[in-house]
Amino acid sequence: MLSVLLSSLTACVSPTSPVDSLSAKPIDPARVLAYQEPHKDYAKVQIIRDKGFLASGCYVGVMYRQTVLARFDVGEKAEFYLPEGDWQFAIVSDPQGKGLCGVSGNPVFETQQIRKDKDNLFRISFGLYRRPRLLPM
């Protein structure tokens, strides 16, 4: 009984781990909400949500320019087409979430660099810093 309790507590506080692009499953197209059209002046951006127990019961959104790009489940990936530049992104609670999945604090925005001439590969990470983040891979 004690070992079950300890393992469940460890799972609750352990960070998530990255998923490589080949292993990640494509997100359900119904949960991709914006920036899907290729554009000659835009860069392709791929975002993958980590795997792991922490926060795995809810979808999370990626916010860019006050727009939620998509609602991600664990181990899912999606591609977007965004203008080049240094842009603010935040991980937010599921905008369609109910109950605890809809509870949101103030999102923390962080700047990410988007360039046409590089791989724009990011991960949604839930680490020990107690808030979800969008990090370069």
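Note that the numbering runs from 1 along the sequence shown for the chain. Remember, it's a predicted structure, so these values are computed and weren't measured experimentally.
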Report yes or no: do Val68 and Phe109 belong to one cluster of Ile/Leu/Val/Met/Phe/Trp/Tyr joined by side chain heavy-atom distances under 4.5 Å?
yes

Heavy atoms of Gln46 and Ser21 approach each other most closely as OE1-OG, 2.8 Å

Taking every non-hydrogen atom, the tightest pair across Phe80 and Ala70:
CZ-CB, 3.7 Å

Output side-chain donor-acceptor pairs under 3.5 Å for residues 83-93, partner residues at least two apart or in another chain, one line each.
from  : atom 1 : to     : atom 2 : distance (Å)
Glu84 : OE2    : Lys116 : N      : 2.8
Asp86 : OD1    : Arg115 : NH2    : 3.3
Trp87 : NE1    : Pro83  : O      : 2.9
Trp87 : NE1    : Glu84  : O      : 3.4
Gln88 : NE2    : Thr111 : OG1    : 2.3
Ser93 : OG     : Val103 : O      : 2.5

Give a yes or no on whether Leu33 and Phe122 share a hydrophobic cluster (residues Ile, Leu, Val, Met, Phe, Trp, Tyr; joining criterion: side-chain heavy atoms under 4.5 Å apart).
no

Once rounded to the nearest 0.5 Å, what's the spacing between atom CG of Leu134 and atom CE of Met63?
13.0 Å

Supply the members, apart from Ile48, of the Ile/Leu/Val/Met/Phe/Trp/Tyr cluster built from side-chain contacts under 4.5 Å; use none for a lone residue.
Val19, Leu121, Met137

Note: Phe126 and Asp50 closest approach over all heavy atoms is N-OD2, 4.3 Å

Does any part of the side chain of Lys44, heavy atoms only, come nearer than 4.5 Å to the side chain of Tyr81, both counted from C-beta?
yes

Atom pair CZ/NZ of Arg49 and Lys25 - distance to nearest 0.5 Å
9.5 Å

If you group Ile, Leu, Val, Met, Phe, Trp and Tyr by side-chain heavy-atom gaps below 4.5 Å, do Val32 and Leu69 land in one group?
yes

Nearest-0.5 Å distance, SG of residue Cys58 to CD of residue Gln96
13.0 Å

Taking the side chain as every heavy atom from C-beta outward, state whether Gln112 and Val45 have any atom pair closer than 4.5 Å.
no

Rounded to the nearest 0.5 Å, what's the gap from CZ on Arg31 to CD on Glu76? Could you check?
4.0 Å

What class does the angle between the rings of Tyr42 and Tyr35 fall in, given that below 30° is parallel, 30 to 60° is tilted and above 60° is perpendicular?
tilted

May I ask you to check whether over 12 heavy atoms, not counting those of Asp20, lie within 6.0 Å of atom CG?
yes

At what distance, to the nearest 0.5 angstrom, does NZ of Lys77 lie from CD1 of Ile124?
14.0 Å

So which heavy atom on Ile47 is nearest to which on Phe72, and how close?
O-CE2, 3.5 Å

